[in-house]
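Here's the structure, in structure tokens; my notes come after.
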2 protein chains.
Amino acid sequence: MNIGAAAERSNLPAKTIRYYEEIALVTPTRAANGYRDYSDKDVHRLRFLQRSRSLGFTIDECRALLSLYDNEQRASADVKAVALEKIGEVERKIAELQAMKKVLKRLAESCHGDARPDCPILDDLAGADPLA
Amino acid sequence: MNIGAAAERSNLPAKTIRYYEEIALVTPTRAANGYRDYSDKDVHRLRFLQRSRSLGFTIDECRALLSLYDNEQRASADVKAVALEKIGEVERKIAELQAMKKVLKRLAESCHGDARPDCPILDDLAGADPLA
DNA sequence: GTGAACCATCCAGCTACGGGAAGGTCAAGC
DNA sequence: GCTTGACCTTCCCGTAGCTGGATGGTTCAC
């Protein structure tokens, strides 16, 4: 099948699929006219990538996961370790964002938000001493 | 003061400070020897940038905030609007990460994680139909 | 046969810097 | 006066993961 159909079935833009080929993640055959020809297996890999990426795995991690997927001798513990590591990363990122949100909310609440120029938000941004 | 001292006082790497000059955020004068010479006001702007960036504002948003900071006719409502919009973004990002985390946890918990190859995590990644 | 919809390659750009090379400057110590 | 080391300068490349656009070939329906 052509790239357009593969895009539709994997829910990935054609541009992205070509990029994945460039970095050797999915390598379809070529038809006589030069068009990429995707097998069902290729589409499977594309879906795998779409799903993994949407769960926050980097391209390199997706590569590792695909390699585990291809390896019938894999230990499920190896896959689980990758997932657990990612959970940790996601949790750290959430914590970081929550800290930011907390400060932003405090600042926003302290600002009367009218036509006057005085603003505690700007005061904070300008005045915070990073070494304090 | 030289860039090293400015870096220390703003808690920003010298590389970043040069970059900020390149994109016209902070433009120090030059000493006779060609070295950048930062005034206290420059350092103030650098700190402002450091703080804003750490709260999640993009460079363009920082530029807008600095412009409000410079404008004595500003309305604090404009600053507050920027902050509220950012809070919304941060909240959306947190929600997205929490959704990812939820799925990852479910997958990790479903995987026995031993030496055997069968793995519900890979099954999910491979089998999820993005159009379903 | 012709126009739209598809496909191809290649090049450039995005964010927000960081690394590293090649070389100029300055202050301390001998 | 000379060296040494810590600074400073510019310049160019690389990162992640694509996306947009230019230019041109292919296919299919009408």
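Here is how names work: the chains are called A, B, and so on, in the same order as the sequence lines, proteins then strands, and each is numbered from 1.
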Taking only the side-chain heavy atoms of A:Ile3 (C-beta and beyond), determine which of D:dC8, D:dT19, C:dA8 contains the nearest atom.
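Per side-chain heavy atoms of A:Ile3, the pick is C:dA8.
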Check every atom of D:dG25, C:dT25, C:dA16 against the side chain of B:Ile59 and return the nucleotide holding the closest atom.
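Minimum distance to the B:Ile59 side chain belongs to C:dA16.
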If you take atom types as modelled and just measure distance, does the side chain of A:Lys15 reach the base of D:dG17 with a donor-acceptor pair under 3.5 Å?
no
Confirm from the modelled atom types if A:Tyr20 and D:dG17 form a donor-acceptor pair under 3.5 Å, side chain to base only.
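In this structure, the two groups form no donor-acceptor pair.
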Sole candidate of B:Leu66, B:Asp60, B:Leu65 that passes side chain to side chain contact (heavy atoms under 4.5 Å, CB included) when paired with B:Arg63:
B:Asp60
Pick one: which of A:Met100, A:Gln98, A:Glu96, A:Lys105 meets side chain to side chain contact (heavy atoms under 4.5 Å, CB included) with B:Val90?
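That would be A:Met100.
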Atom pair distance, as rounded to whole Å: [atom1] in [X] and [atom2] in [N]:
{"X": "A:Arg63", "N": "D:dG17", "atom1": "CZ", "atom2": "C1'", "value": "12 Å"}
{"X": "B:Asn2", "N": "C:dT25", "atom1": "CG", "atom2": "C1'", "value": "10 Å"}
{"X": "A:Ile17", "N": "C:dA8", "atom1": "CD1", "atom2": "C1'", "value": "15 Å"}
{"X": "B:Arg18", "N": "D:dC11", "atom1": "CZ", "atom2": "P", "value": "12 Å"}
{"X": "B:Met1", "N": "D:dC8", "atom1": "CE", "atom2": "P", "value": "12 Å"}
{"X": "A:Gln50", "N": "D:dC18", "atom1": "CD", "atom2": "C1'", "value": "15 Å"}
{"X": "B:Glu22", "N": "C:dA16", "atom1": "CD", "atom2": "C1'", "value": "11 Å"}
{"X": "A:Leu49", "N": "D:dG17", "atom1": "CG", "atom2": "P", "value": "12 Å"}

If only side-chain N and O atoms of [X] are considered, is one of them under 4.0 Å from the OP1 or OP2 phosphate oxygen of [N]?
{"X": "B:Thr16", "N": "C:dG18", "result": "yes"}
{"X": "A:Arg36", "N": "C:dT9", "result": "yes"}
{"X": "A:Asn33", "N": "C:dC7", "result": "no"}
{"X": "B:Arg30", "N": "D:dC8", "result": "no"}

4.5 Å side-chain heavy-atom contact, B:Gln50 and B:Ile17:
no
So with a 6.0 Å cut-off around CG of B:Asp40, is the heavy-atom count from everything else above 12?
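Check fails, neighbour count at 12 or below.
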How is B:Ile23 classified with respect to the nucleic acid when contacts are heavy atoms under 4.0 Å: base, sugar-phosphate, or nothing?
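Nothing: the residue B:Ile23, judged by heavy atoms under 4.0 Å, touches no strand.
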Would you indicate what B:Arg53 reaches in the nucleic acid, counting non-hydrogen atoms under 4.0 angstrom: base, sugar-phosphate, or nothing?
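Sugar-phosphate contact only - B:Arg53 comes under 4.0 Å of backbone atoms but never of a base.
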For A:Tyr19 and B:Asp37, take the nucleotide of DNA chain D holding the closest heavy atom to each; which residue's nucleotide lies nearer the 5' end?
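Of the two residues, B:Asp37 wins.
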May I ask you to decide whether A:Glu85 forms a salt bridge with A:Arg92, counting only side-chain N to carboxylate O separations under 4.0 Å?
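Salt bridge present between A:Glu85 and A:Arg92.
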Let's go through B:Glu89 and B:Lys86 carefully: what are the C-alpha distance in whole Å and the side-chain angles of both, what is the deciding distance for salt bridge (charged side-chain N to carboxylate O under 4.0 Å, His left out) to 0.1 Å, and is it a yes or a no?
CA-CA 5 Å; B:Glu89 278 174 42; B:Lys86 181 55 63 180; 2.8 Å; yes
If you find the nucleotide of DNA chain C closest to B:Tyr35 and the one closest to A:Ala5, which residue's nucleotide is nearer the 5' end?
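Mapping each residue to its closest nucleotide by heavy atoms, the 5'-most match is A:Ala5.
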In terms of the nearest nucleotide of DNA chain C, which residue is placed more toward the 5' end: A:Tyr38 or B:Thr58?
A:Tyr38
